[in-house]
Number of protein chains: 2
Amino acid sequence: MGQKGAETRDRLLDATQESVEAAGYFGTGLNQVITASGAPRGSLYFHFPGGKDQLVAESIRRAGRAIDDVMGGLANSSASAAEFVDGMLRHLGDRLEESGWRKGCPVATVALETAATNDLLQEACSEVYGSWEAALRTQLAGRPDADDLAVTILALTEGALLLARVHRGRGPLDSVARQIGALLR
Amino acid sequence: MGQKGAETRDRLLDATQESVEAAGYFGTGLNQVITASGAPRGSLYFHFPGGKDQLVAESIRRAGRAIDDVMGGLANSSASAAEFVDGMLRHLGDRLEESGWRKGCPVATVALETAATNDLLQEACSEVYGSWEAALRTQLAGRPDADDLAVTILALTEGALLLARVHRGRGPLDSVARQIGALLR
DNA sequence: AAAAATATGTAGACCGATCTATTAAGGATT
DNA sequence: AATCCTTAATAGATCGGTCTACATATTTTT
């Protein structure tokens with residue numbers, strides 16, 4: 001793949017990710033993606049012959065890796081699991097607020113929309129969540145209930161992100177941050 | 001409103017709720033609602049002159065009340081807050097599994113799809129979550145951190161429901177149920 | 001009680017806009 | 001020359017919404 005091609009491909013994924021995060025799978029139109037990315041229609045189907053599903057699946061996996069990277073960074077700079085989780089909640093809260101309550105979890109909306117009806121996207125979402133869960137688990141290594149705890153913290157984060165987005169305020173993220181100590185003591 | 005009219009209105013709400021829960025706001029087409037409910041197009045706009053937004057908003061509020069009722073029942077039959085939450089998780093898990101992983105939180109998908117772009121639906125979702133939160137708060141009355149705890153338990157429930165749906169298994173709900181004691185001790 | 005008038009609700013054809021996807025041809029890059 | 005990528009016209013389906021005509025109740029008037 002040449003340089004130009006790689007760039008349009010990236011721009012298409014950028015535009016898709018942006019829209020998917022704000023409005024979900026069904027709320028994202030390919031016309032809009034084409035307009036926002038500046039790429040012509042044909043390029044979309046050249047780079048993503050699988051159409052919308054492939055485009056969204058790749059953009060979701062890419063968003064998943066971005067969060068993985070954030071967790072990787074936090075893992076280095078955090079002295080404890082509590083500090084790690086706190087840093088994560090702060091990062092996600094900043095991202096959410098700065099985006100005008102548009103960017104919550106980049107996967108959740110698509111996950112809910114397609115869980116029952118689209119195996120390809122359901123699998124992509126499931127895998128992304130699985131990788132986040134694994135990252136949390138290694139962060140909690142040594143604890144006897146590390147598995148349950150990782151799932152619980154992930155659920156807590158997702159839920160708080162959802163509530164913060166719906167209410168358009170950081171309140172839920174802050175409440176959860178204050179309670180997380182009870183889980184990690 | 002005559003009896004017949006009330007019945008078609010209800011059927012329209014039923015069909016909407018069913019589809020919205022599985023596929024969200026954008027994933028729900030009015031043609032599909034009309035077909036599933038058996039009501040003609042004209043009746044839809046007679047009973048819901050506000051169109052799709054009004055239809056979905058009412059169906060979400062109705063779904064919210066249904067959960068309120070479940071919580072009301074559990075409040076009577078539960079001896080402790082832990083028992084209450086446990087009952088809630090079990091109920092939601094049963095509903096989710098029995099529906100073939102289609103029926104998670106009846107509000108979450110629409111909440112995420114419309115949080116940034118549709119004030120009417122954002123408000124409807126926000127209110128429903130507010131009422132659930134209030135119900136949890138009264139269940140936790142007396143505790144010094146009742147407010148934070150109510151939000152945290154709601155977030156935990158929503159997150160677990162999301163993960164369970166995505167992974168198509170009760171695992172996350174069970175993990176959370178095992179960890180909830182640490183919060184409520 | 002019969003007839004007329006008014007709500008209430010049903011029925012479906014129709015509209016313009018938008019949806020995802022395909023296609024065939026041409027330009028750019030190596 | 002050969003591969004890579006872009007361009008734009010087009011297809012057919014579906015979208016939410018409007019509209020007019022009709023049927024069925026309910027109330028008012030006589």
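Please read all numbers here as calculations on a predicted model, not as lab measurements. Sequence lines set the chain letters: A, B, ... in the order given, protein chains first and strands last, and positions in each chain run from 1.
No hydrogens or angles considered: nothing links the side chains of A:T16 and A:S59 as a donor-acceptor pair under 3.5 Å. B:E21 and B:T109 share no donor-acceptor pair across their side chains, judged by distance under 3.5 Å alone.
A close approach under 4.0 Å does occur between a side-chain nitrogen or oxygen of A:S43 and OP1 or OP2 of D:dT6. Contact check, B:H47 against C:dT8: no side-chain N or O comes under 4.0 Å of OP1 or OP2.
Under a 4.0 Å N-O distance rule, the pair A:K103/A:E18 qualifies as a salt bridge. Here A:R62 pairs with A:D14 in a salt bridge; the nearest charged N to carboxylate O distance falls below 4.0 Å. Comment: B:E83 does not engage B:R90 in a salt bridge, judged by the lack of any side-chain N to carboxylate O separation of less than 4.0 angstrom.
A:F46 places its CZ atom 16 Å from the P atom of C:dA28, with the value rounded to the nearest Å. The distance from atom OH of A:Y45 to atom P of D:dT7 is 17 Å, rounded to the nearest whole Å. A:F48 places its CZ atom 15 Å from the P atom of C:dT20, with the value rounded to the nearest Å. Here D:dT6 presents its C1' atom at 11 Å from CZ of A:R11, a figure rounded to the nearest Å. C:dT10 atom C1' lies 16 Å from atom CZ of B:R9, rounded to whole Å. Rounded to whole angstrom, the span from the CG atom of B:L44 across to the P atom of D:dC15 amounts to 13 Å. Whole-Å rounding puts the B:R41 CZ to D:dC15 P distance at 9 Å. With rounding to whole Å, B:F26 atom CZ is found 16 Å from D:dT14 atom C1'.
Within the hydrophobic cluster formed by Ile, Leu, Val, Met, Phe, Trp and Tyr side chains joined at under 4.5 Å, directly or through other members, A:Y45 is accompanied by A:L12, A:L13, A:L30, A:V33, A:I34, A:L44, A:F48, A:L55.
Remark: nothing in residues 17-24 of chain A comes within less than 4.0 Å of DNA chain D through any heavy atom. Looking at residues 30-39 of chain B, you'll see B:L30, B:N31 sit with a heavy atom under 4.0 Å from some atom of DNA chain D.
Partners of A:A82 under the side chain to side chain contact (heavy atoms under 4.5 Å, CB included) rule, at least two apart in sequence or in another chain, are A:S80, A:L184. Contacts of B:S131 classified as side-chain hydrogen bond (donor to acceptor under 3.5 Å, both in side chains), with partners at least two apart in sequence or in another chain: B:D68.
Where B:G42 and B:K52 each meet DNA chain D at their nearest nucleotide, the meeting point lying more 5' is that of B:K52.
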Show me the side-chain donor-acceptor pairs of residues 154-166 of chain A shorter than 3.5 Å, one per line, residues at least two apart or across chains.
unit_1: A:T157; atom_1: OG1; unit_2: A:I153; atom_2: O; d: 2.7
unit_1: A:E158; atom_1: OE1; unit_2: A:Y129; atom_2: OH; d: 3.3
unit_1: A:R165; atom_1: NE; unit_2: A:W101; atom_2: O; d: 3.2
unit_1: A:R165; atom_1: NE; unit_2: A:R102; atom_2: O; d: 3.3
unit_1: A:R165; atom_1: NH1; unit_2: B:L112; atom_2: O; d: 3.2
unit_1: A:R165; atom_1: NH2; unit_2: A:A22; atom_2: O; d: 3.3
unit_1: A:R165; atom_1: NH2; unit_2: A:R102; atom_2: O; d: 3.0

